[in-house]
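Have a look at this one before I ask anything.
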Number of protein chains: 2
Amino acid sequence: MLLSCDMVVEGVHFRREWYREAPELLGRKALAVNISDIASMGGRPRFCLVTLGADPGVPVEFLRRVYAGLVDLAGEWGVSLVGGDTVSLQGQGGGLLLDVFITGEVEPGRALLRSGAKPGDLIAVTGDFGLARAGLELLELPPEAGEGHIPGADRTAAIGRQLEPPVRLRESAALAALGPDGIHALSDTSDGLATQVHLICEASGVGALVHGDQVPVSPVTAQVARALSDDPLSWALFGGEDYELIAAIPPQHWGRAAAAVAAAGGGTALTAVGRFTAGRSIELQGAFGSKSPLAFGGWDHFSKASRALRHLAPGGSE
Amino acid sequence: MLLSCDMVVEGVHFRREWYREAPELLGRKALAVNISDIASMGGRPRFCLVTLGADPGVPVEFLRRVYAGLVDLAGEWGVSLVGGDTVSLQGQGGGLLLDVFITGEVEPGRALLRSGAKPGDLIAVTGDFGLARAGLELLELPPEAGEGHIPGADRTAAIGRQLEPPVRLRESAALAALGPDGIHALSDTSDGLATQVHLICEASGVGALVHGDQVPVSPVTAQVARALSDDPLSWALFGGEDYELIAAIPPQHWGRAAAAVAAAGGGTALTAVGRFTAGRSIELQGAFGSKSPLAFGGWDHFSKASRALRHLAPGGSE
């Protein structure tokens, strides 16, 4: 049995106005970040409970639509919403929070952990990185700042990734099916790709070399970063909230792993971004071969004085 | 498998200054209300997760002691704390919240529900009622109000009951062991005795007659109520946060049930306070035989204009 919980809090993880048009997405996100915790161990989500705290100023219709979105996503992935708690936050400074508890199943002894990576394993990731951060940057842009010339479709894609994370259950199941020889470690990247590399290295007693130019960054992310005069690789490495998977794959099983993820039906590729290494150094290799220590950390590195929101990605502990 | 969650929120369920001397008690309460949810179904608690939200103004030492109290109570009752989430509530109006998620076990088909009460069953309760409310009244007394002459030991007992609820796992196990013939329904009374009678009646399709003079009220509760010119029976029926058990016991099994609870070792008696009845009326019989409808509800009936705290008992949903 797997158990996890993650809370999303207004003003910390999101602003309510982001979800004014589609409150359902907030419910979907609150559950998706929890499903990601189960996917990160190669499990199947089963049951969830939801604690909803809201001040009386939050319209009931908004809450109803948040719940509806959560219930929809639960149905899409076979998760049963079996209960919860509701609390009035009157007198609390108000706001809205959703704390989701989720249970999952995995065959005994087959849960995938951070601690199994071995020197020589490829660092494999699903999907691409930095787009959720691009969406956050756009959502949090001060009104007086210019966005440059970002096409509407790119804007929508970036903000959509921030508002609703992907669910990588199919990819997780495909990777878990490789068996203990084919995959040594698995986690998700909710706290940022760089942070997760560090956590796997720490748990496994290995080092890592990440090739910056192999980290998958979508053209949209690059476009938004350019428009905002920011660095897409920094967003990809440290931005957080990507909710992609990261795995340690022995090189001789790489072909099988990539094929399994491609065949999983989620339309998501597996990309090797480096290797776990003997020793303890965790390094980033630049485009011209230069190596530098890969920083540990997410948002705090990039917080801007102009941004009132101190954004902490949910999903950090299980 | 049983799953439940309950959140306690500063300013809604407690004030932080109540726990200044003993933050451990807050951690114990956050877990105890969840254990009560498992006890209310005749189950054994197994694992818990804790989401802690706190603004940066809450001292780390306070949080450490809250956790320590929770871990202590978990150890006392064989519950394993296996994870959780932490969230900074900066910018949120601050404060402190603890959301506990708990799993429990019960033999398949043996979970005790609210829905099994039958006409003629005795309404049986553990312990006594109203003391937690007495404690809340004392904690929330405006400084200018006099307390009358309440002995210090009584004050301590009442406040202690408010700050840390009892754990009725032994009594729950003893009642569950009576088997489906010996006990028809079980719940806890976190939301108030009257409310729970209503909920059992609704779930079971029965009525009830509660004898006011049979509701167990401790001498301390009566003393505090007198000193504050309030009604101890109202506190007992509607005060909430007693975290006692309420059961539907067929009369022919009463002796066995009372003996089982007495033998459970918790020092807690089982008291019959009335009967479930055919029909749908839910009534309170006064000391002189007069009957009146038993109100549904807890705090809102008794909220006082002078009380800023809108107190909602945790433990209401599972």
Side-chain angles (χ1 to χ4, degrees), chain A residues 1-15 33-34 37 41 46-56 80-103 105 190 299-300 307-318, chain B residues 1-15 33-34 37 41 46-56 80-103 105 190 299-300 307-318:
Chain A
M1 182 164 64
L2 307 175
L3 301 173
S4 187
C5 61
D6 269 312
M7 182 161 69
V8 293
V9 180
E10 181 180 348
V12 178
H13 302 108
F14 67 91
R15 296 191 193 280
V33 302
N34 278 274
D37 285 336
M41 304 187 76
R46 287 296 310 278
F47 301 105
C48 71
L49 296 105
V50 180
T51 295
L52 177 84
D55 76 53
S80 300
L81 175 61
V82 293
D85 191 18
T86 54
V87 174
S88 164
L89 297 183
Q90 196 161 30
Q92 261 320 89
L96 174 63
L97 64 84
L98 284 148
D99 195 11
V100 175
F101 296 101
I102 195 162
T103 76
E105 287 181 343
S190 53
W299 292 107
D300 289 355
R307 185 184 301 149
L309 185 70
R310 179 155 175 273
H311 193 98
L312 297 168
S317 48
E318 63 260 63
Chain B
M1 182 165 64
L2 307 174
L3 301 173
S4 187
C5 62
D6 268 313
M7 181 161 70
V8 293
V9 180
E10 181 179 347
V12 178
H13 302 107
F14 67 92
R15 297 192 193 280
V33 304
N34 278 274
D37 285 336
M41 303 187 77
R46 287 296 309 278
F47 301 105
C48 71
L49 302 162
V50 180
T51 295
L52 177 84
D55 76 53
S80 299
L81 174 61
V82 293
D85 191 18
T86 54
V87 175
S88 164
L89 298 182
Q90 196 162 26
Q92 257 325 82
L96 174 63
L97 64 83
L98 283 148
D99 195 11
V100 175
F101 168 61
I102 195 163
T103 77
E105 288 181 343
S190 52
W299 293 105
D300 287 354
R307 185 185 300 149
L309 186 69
R310 181 156 174 272
H311 194 95
L312 297 168
S317 47
E318 64 260 62

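Order of the sequence lines fixes the chain letters, A, B, ..., with proteins taken first and strands second; residue numbering starts at 1 for each chain.
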**Fill in**
Correct closest heavy-atom pair for C5(B) and L49(A) would be SG-CB, 3.9 Å
**Fill in**
Contacts of T103(B) meeting side chain to side chain donor-acceptor pair (under 3.5 Å) (sequence neighbours excluded), chain-then-number -> none
**Asked** If you take all heavy atoms of H13(A) and V87(B), which pair is closest and at what distance?
**Response** CE1-CG1, 3.6 Å
**Request:** For N34(A), check side chain to side chain donor-acceptor pair (under 3.5 Å) against everything at least two apart and list the hits.
**Result:** none
**Prompt:** Which atom names give the shortest non-hydrogen contact between L89(B) and V12(A), and what distance separates them?
**Reply:** CA-CG2, 4.2 Å
**Interatomic spacing from OG in S4(B) to CG in D85(A) - rounded to 0.5 Å** = 8.0 Å
**Prompt:** So, for V100(B) and F101(A), which heavy atoms are closest and what is the spacing to 0.1 Å?
**Reply:** C-CZ, 4.0 Å
**Prompt:** Rounded to the nearest 0.5 Å, what separation is found between the CG atom of L97(A) and the CG atom of D99(B)?
**Reply:** 8.0 Å
